Amino acid sequence: MSFSWAKHYEPKSDLTKWLDDRLPLPRLVYGAIGAGYPVPRNLNYFWNFGVLAGVALVMQIVTGIIMAMHYAPNALVAFDSTEHIMRNVNWGWMLRYAHANGASFFFIVVYIHIFRGLYFSSYKAPREMIWLLGLVIFLLMMATAFMGYVLPWGQMSFWGAKVITGLFGAIPLVGEPIQQWLLGGFAPDNAALNRFFSLHYLLPFVTAGVIILHIWALHIPGSSNPTGVEVKSESDTVPFHPYYTAKDGFGLGVFLILFCAMLFFAPNFLGHADNYIPANPLSTPAHIVPEWYFWPFYAILRAFTFDFFIVPAKLLGVLAMFASILLLFFLPWLDRSPVRSGNYRPLFKIFFVVLLLDVLLLGYLGGAPAEEPYVMLSQLASAYYFAHFLIILPIISKIEKPKPLPFSITESVLGKDNTGIAGGPVLQPAE
Amino acid sequence: MIRIGAFLVGLFFAGWLIVSFGVGAAAYISEPPQETAEHAFHEKPKALTLASDGPMGKFDRQQLQRGFQVYKEVCAACHSMRLVSFRNLAELGYNEDEVKAIAANWPIQTPDIDPATGEATTRASLPTDPFPSPHANETAARAANNNALPPDLSLITKARSGGAPYIYSLLLGYQEPPAELAQRFPDSMPGPGLNYNPYFANLNIAMANPLGSDGIVTYSDGTNATREQMAKDVSAFLVWTAEPTLEKRHQTGWAVLIFLIIATGLGYMAYRNVWAGVKH
């Protein structure tokens, strides 16, 4: 599952030879993220974000496991045990702030990773499976983050849980029983808190499993690159190690600097003040908002204010919110342009920038109170979101005249390619 | 097939959103939303500068001690602070004996169980005890406060979106309701037991003005206890109760950042070194 020129692992010492014959784990790592994985030489910094997302997950798991040693998932004491971590556990404040801000940075990194995939069409053949698995990871992350936010059992935890599980209540006939089944009661309480804790602990490991599949699927065709032209010869690639381990190491340093600046100097900036008030089922906060990383979807949910004949507006909003994520699964078959990279697609590039601004606007509107003019703006922004993926993108891929592509990655970097012959046979990756 | 289906789904969602927008916009133009009293009279917190602000921020322990005195002599009559223990006061610069004395002489005793009879009783507090609540429970607290519940103050500067400046502004914000309010929004005039305060979310707060006049506290360090000074000191104290680890966080942050900047610089040089001679 790599190119024919990929280096092969050669155990040198007696111990590694012995190990290689019995459990070739070093061989696996060597081929996956070592010198045995040839990667296009022209990757830009946007290709750092997959590794950063992996690091973010590991940080979340490590800080989370340690906090679980001090946290008590019981509605009576959950809030106080969180404050116990903040005040009495050695370095507990750092663990909790790292975990809370780590979730935010995980989403920042993953959103950049997704938008990189959108711009360079990383979802196109033969990489559809990587994209689909990535979306599964995204859904798992969202579920995990939502349940994690409930655990401190503050006001936003409680009311967020109530609103989000209430979405299922919008389903006709079976909605209310489903909502009660999910919560284990009529409103969020101990049963809900306990199962959310259990699942919040489980899902990151499921995510880690899907990430392994994601990387496995990546190694079949190999990494994409900013030209979108497939690898043709050895001069198009460099070994992952040391070239990209070094580059990712530098990128990780920059990421950690930004993350730690946030963690140590503005740890509550991305949070909501109401979550420092213990959950109170009798007192509804003035504005119930989820964490910032859900705001674009929250804006779409609230944009539907008007019943469509017998379909109530609330149900429409719920359907639209789920559709806004599910439509991404169809992207490889909606965008039929043979050209991958947005750099060579003049028309696509314009609409991509509009989409980016549109999603940022949706994010802003999702965090704003549900009043005018925010609702009207979110209706327009949501309309563009759906139109972009479901109408505009398929049309662009038909009518657009892409710019000429370089013959190869080597040619795009060096200006000429002496190894390949234009129009000649293209090297296929060996199985 | 996929693209035809997608086109129809897209047309439905986008189309219905445009229709909803049109209906909403028409309603917005024909009946512009009424201005609310909160919108017209609510004020943003005044600026407050504290020693703990910013990435270099440290606590001014003298000020925290004054703030603690305000809490003890004014706020503690109604507001609990259940997440802070007497032992934590050592961080404000009190020595062990002072902490013991503060705990033992605290006007409210700590609930306990009589070891002889098993009946509920109270005893003098120890440094290990959290601050005892002035009310036995929420019902008692409401009964004593005209059915309003005085919030616990442990986390208050983190639990209100304006933070310490909000607390400071609120404490100094009590005033007579403006005549314009009575004229335009008679329903938003403070009812019985309520007080007008433009910094409070709905303008009418149940808490009576706690810092009504200068000098209600006599500072042991001789600082002139103006209303302004007391509000500032108690806000600083409540920053500490909400985040006692703030100083350690700032110090650790700088050590971590300096380490990371050096490590990242080395990482950059390693990266350039590895890639030297490889055009990309």
Side-chain angles (χ1 to χ4, degrees), chain A residues 41-43 80 83 86-87 93-94 97 238 242-243 246-247 249-250 252-254 256-257 260-261 263-265 267-268 272-278 286 303-306 308 313 316 320 323 327 330 333-334 336 371-373 375-376 379-380 382-387 389-391 394 413-414, chain B residues 2-3 5-21 23-25 28 33 54-55 82-84 88 151-152 154-156 158-163 201 242-245 248-250 252-254 256-257 260-261 263-268 270-271 273-275 278-280:
Chain A
R41 63 195 288 176
N42 60 337
L43 302 189
D80 287 6
E83 276 304 311
M86 292 296 287
R87 287 159 192 269
W93 58 270
M94 192 168 81
Y97 279 153
V238 291
Y243 289 95
K247 192 173 182 180
F250 167 58
L252 177 63
V254 175
L256 286 177
I257 287 172
C260 288
L263 192 173
F264 289 105
F265 300 122
N268 293 307
H272 197 293
D274 279 18
N275 228 26
Y276 281 110
I277 305 170
F304 288 83
T305 52
F306 213 56
F308 182 77
L316 275 178
L327 63 83
F330 296 92
W333 298 277
L334 293 174
R336 299 298 284 265
E371 54 194 47
E372 300 299 358
V375 176
M376 290 194 291
Q379 285 164 340
L380 291 180
S382 307
Y384 180 78
Y385 182 90
F386 286 106
F389 286 109
L390 299 175
I391 300 171
V413 174
L414 300 178
Chain B
I2 287 180
R3 271 167 295 165
F7 184 81
L8 293 175
V9 171
L11 210 59
F12 169 72
F13 280 130
W16 197 244
L17 281 162
I18 300 285
V19 169
S20 309
F21 168 77
V23 174
Y28 187 74
R82 58 192 190 87
L83 298 172
V84 183
N88 298 125
D152 184 87
S154 324
L155 282 166
I156 203 77
K158 287 205 290 192
R160 296 292 181 273
S161 64
E243 183 107 357
T245 54
K248 196 178 181 189
R249 173 157 66 75
H250 288 170
T252 314
W254 283 111
V256 168
L257 273 192
L260 279 175
I261 287 168
T264 306
L266 290 172
Y268 181 71
Y271 157 56
N273 193 25
V274 166
W275 281 82
V278 182
K279 277 189 86 173
H280 57 286

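Chain identifiers are assigned alphabetically (A, B, ...) following the order of the sequence lines, protein sequences preceding nucleic acid strands; residue numbering begins at 1 within each chain. All values reported here derive from a predicted model rather than from experimental measurement.
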Original post:
When heavy-atom pairs shorter than 4.5 Å are enumerated against chain B, which of A:Glu83, A:Arg87, A:Lys247 gives the highest number?
Top reply: A:Arg87

Subject >> Atom pair CG (A:Leu252) and CG (B:Leu260), whose distance is rounded to the nearest 0.5 Å >> reply: 9.0 Å

Original post:
For the candidates A:Leu390, A:Val254, A:Leu334, which exhibits the highest count of non-hydrogen atom pairs separated by less than 4.5 Å from chain B?
Top reply: A:Leu390

Original post:
When heavy-atom pairs shorter than 4.5 Å are enumerated against chain A, which of B:Gly15, B:Ala159, B:Pro244, B:Ala14 gives the highest number?
Top reply: B:Ala159

Original post:
Where does A:Val238 contact chain B at under 4.5 Å (heavy atoms): side chain, backbone, both or neither?
Top reply: side chain

Subject >> Spatial distance of atom CE (A:Met86) from atom CG (B:Leu83) [nearest 0.5 Å] >> reply: 11.0 Å

Original post:
ring pair (Phe, Tyr, Trp, His ring centres under 6.0 Å) with A:Tyr384: which residues, sequence neighbours excluded?
Top reply: A:His388

Original post:
When rounded to the nearest 0.5 angstrom, what is the spacing between NZ in B:Lys158 and NE2 in A:His272?
Top reply: 15.5 Å

Original post:
Among A:Leu263, A:Asn42, A:Asn268, A:Leu327, which residue forms the greatest number of heavy-atom pairs with chain B at distances under 4.5 Å?
Top reply: A:Asn268

Original post:
Side chains of B:Arg249 and A:Pro267: does their closest heavy-atom pair fall under 4.5 Å?
Top reply: yes

Subject >> Best-contacting candidate, A:Gly253, A:Pro242, A:Ala383, A:Ala387, against chain B by heavy atom pairs under 4.5 angstrom >> reply: A:Ala383

Subject >> Toward chain B, the part of A:Trp93 with a non-hydrogen atom under 4.5 Å >> reply: side chain

Original post:
For B:Val256, is it the side chain, the backbone, both or neither that has a heavy atom under 4.5 Å from a heavy atom of chain A?
Top reply: side chain

Subject >> Residue, of A:Val413, A:Val375, A:Asp274, that accumulates the most heavy atom pairs under 4.5 Å with chain B >> reply: A:Val413

Original post:
Top residue by heavy-atom pair count (under 4.5 Å) with chain A, among B:Ile2, B:Asp152, B:Thr245?
Top reply: B:Thr245

Original post:
By a 4.5 Å heavy-atom criterion (distance strictly below it), what part of A:Leu43 contacts chain B: side chain, backbone, both, or neither?
Top reply: neither

Original post:
In Å, rounded to the nearest 0.5 Å, how long is the span from CG of A:Leu380 to CG of B:Leu17?
Top reply: 8.5 Å

**OP:** Nearest 0.5 Å please: distance from the CZ atom of B:Arg160 over to the CD1 atom of A:Ile277.
**Re:** 4.5 Å

**OP:** Quick one: which of A:Trp333, A:Phe389, A:Phe330 has the most heavy-atom pairs under 4.5 Å with chain B, could you say?
**Re:** A:Trp333

Original post:
Are side-chain heavy atoms of B:Arg82 and A:Asp80 found at a separation under 4.5 Å?
Top reply: yes

**OP:** With a 4.5 angstrom heavy-atom cut-off, could you sort out which part of B:Val23 is near chain A: side chain, backbone, both or neither?
**Re:** side chain

**OP:** Could you walk me through whether B:Leu257 and A:Phe264 pass side-chain contact (heavy atoms from CB on, under 4.5 Å), step by step?
**Re:** CA-CA 9 Å; B:Leu257 273 192; A:Phe264 289 105; 5.9 Å; no

Original post:
With under 30° as parallel and over 60° as perpendicular, where do the rings of A:Tyr243 and B:Trp275 fit, or are they tilted in between?
Top reply: perpendicular

Subject >> Evaluation steps, side-chain contact (heavy atoms from CB on, under 4.5 Å), between B:Trp254 and A:Phe265 >> reply: CA-CA 9 Å; B:Trp254 283 111; A:Phe265 300 122; 3.6 Å; yes

Subject >> Those residues that, when tested against A:Tyr97, pass ring pair (Phe, Tyr, Trp, His ring centres under 6.0 Å) (two or more places apart) >> reply: none

Subject >> Separation of B:Phe13 CZ from A:Phe308 CZ (nearest 0.5 Å) >> reply: 10.5 Å

**OP:** Over all heavy atoms of both residues, which pair between B:Ser20 and A:Gln379 is shortest? Give the atoms and the distance, please.
**Re:** CB-NE2, 3.5 Å

Original post:
Is it the side chain or the backbone of B:Ala263 that comes within 4.5 Å of chain A heavy atoms, both, or neither?
Top reply: neither

Subject >> Which atoms of A:Ala313 approach chain B - backbone, side chain, both or neither, heavy atom under 4.5 Å >> reply: neither

